[in-house]
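Below you will find the structure I want to go over with you.
Keep in mind the model is a prediction, meaning the values are calculated, not measured. In listed order, ligands and their atoms are each counted from 1.
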Amino acid sequence: MPHEAISVFDMFKIGVGPSSSHTLGPWRASQRFTRTLQKKNLLLPTRSVKVLLYGSLAKTGKGHGTDIAVLMGLCGEDPVTIDVNSITSKVQQIESEKKLMLNGKKQVDVEVQFLMRESLPFHPNGLSFIATCENGVEEIETFYSIGGGFVVKENEDASGAQEVDLPFPIDTADDLMHWCMKTGLSINEVVMENENTWRSESETREGVLKIWQTMKECMYRGCHSKGELPGGLHVRRRAFDLNKKLIQHNNYNDYESWTNTITHGGNSFQYILDWVSCFALAVNEENASFGRVVTAPTNGAAGVIPAVLQYFIAFCNGNDEDKIIRFLLTASEIGSIFKKESTISAAMGGCQAEIGVSSSMAAAALTESLGGTQRQALMAAEISMEHHLGMTCDPIGGLVQIPCIERNTMGAIKAITASQLALQSTPDFARVSLDKVIKTMWDTAKDMNTKYKETAEGGLALNIPLGLKEC
Ligand code: SF4
């Protein structure tokens with residue numbers, strides 16, 4: 001049985017908002033289906049394509065843009081390279097004509113069905129593609145979007161295990177600690193050694209910096225975009241006003257000068273707290289607007305890690321490429337342990353699997369970046385998740401806006417608090433290990449009522465229907 005090997009670029013994927021499981025995953029699935037048609041020479045003979053969305057993809061797919069994602073994927077568009085400003089007009093044209101250019105080559109009829117009452121047994125995020133050819137022959141494939149943009153095809157190994165032999169195979173936090181103790185390497189150094197299996201160190205560094213570039217562009221854009229978010233909930237963007245208020249009358253013209261201004265603008269608790277919230281709000285407002293984001297480990301939770309990393313850069317002397325790379329490597333390892341031992345899918349585990357995991361990833365990365373030991377870093381990850389256990393997923397109207405956007409601010413602040421707690425503690429006295437809290441999270445996920453797992457059938461989603469404003 002191959003060891004499940006997850007790279008930093010599996011955990012951090014550049015894509016389009018608002019959801020990794022409901023947008024990016026289905027987009028990837030539809031690209032895979034299109035590739036199958038191409039491989040079997042069925043692109044040109046295809047007359048129509050029908051997409052069936054099941055379970056959580058049906059229930060919250062409208063708000064999460066699942067239909068938009070599959071249509072874009074069928075057109076041959078890629079979430080990494082598409083001009084996000086072109087998506088709305090493309091989708092409007094497809095919806096009015098009920099036709100699209102399959103992989104940019106053949107015009108076909110298209111239909112997306114939301115099967116609200118049907119769910120596939122393997123995973124709540126199932127979707128099937130049915131292509132019908134001119135001669136009546138059908139090509140059918142079913143996929144599951146298992147969280148964080150990961151996709152598996154029916155009957156494929158759900159772990160997505162890759163056939164590579166890593167120098168330091170890691171499934172659990174104990175495994176990670178074992179390698180750190182045995183080699184004397186820090187967490188990020190262990191991760192880099194493993195990454196060297198896939199590519200050269202310079203390629204990894206370049207890729208990780210590209211991830212950060214995308215994160216910071218997203219954050220900067222979010223701080224400078226105003227208006228209302230799409231979807232009908234009439235949520236007003238807040239990062240714009242908060243940024244304006246905090247930056248006062250200081251001049252800046254790009255990310256670097258903006259960060260410099262932030263660093264020198266104050267150091268009170270309230271000032272720093274407001275900025276961390278602003279960073280997280282900005283990313284997730286962009287995410288809710290179908291903007292370009294990085295899954296970290298999901299889109300709904302995409303703001304936590306950039307917010308904590310930007311906090312480290314602006315307020316903890318972290319503006320250095322090496323430090324940024326180390327931060328993201330450590331964060332990715334914690335996320336991959338959660339994926340292997342539990343889940344990063346809200347449809348499987350509620351919001352603890354998204355915001356909880358991202359906060360835990362950020363907490364460990366910040367702790368190591370601030371000079372904490374490997375054990376303190378894992379302790380921080382544990383503390384952060386411990387205080388997200390049981391958190392439900394109940395997005396109003398199925399949109400990744402309320403409670404999602406504010407929840408990223410909470411995840412970021414909890415990560416910083418967890419990091420400080422760990423840095424001020426002796427891990428020898430900790431009673432709960434990271435592995436035990438991950439097991440508890442998974443047990444809680446299994447016990448959680450389905451209505452709290454990204455169905456918009458419980459919690460806030462039930463009490464605040466779409467279109468109504470809470471006073
Ligand atoms: S409530 Fe949490 S898990 Fe659910 S969509 Fe929002 S951020 Fe994601």
- Item | Within 45° cone and under 6.0 Å: K153 NZ/CZ vs F33 ring | no

- Message: Are Y252 and H224, when compared by the centres of their aromatic rings, separated by less than 6.0 Å?
- Response: yes

- Item | Backbone N/O of A364 and side chain of S419: donor-acceptor pair under 3.5 Å | no

- Looking at W258 versus Y220, is the centre-to-centre ring distance below 6.0 Å? yes

- Item | Partner residues of R236 under the salt bridge (charged side-chain N to carboxylate O under 4.0 Å, His left out) criterion, sequence neighbours left out | D241

- Query: If you draw a 6.0 Å radius around CD in E206, do more than 12 non-hydrogen atoms from other residues or ligands fall strictly inside?
  - Reply: no

- If you leave out waters, which protein N, O or S atoms are less than 2.8 Å from atom 6 (Fe) of ligand 1? C404 SG

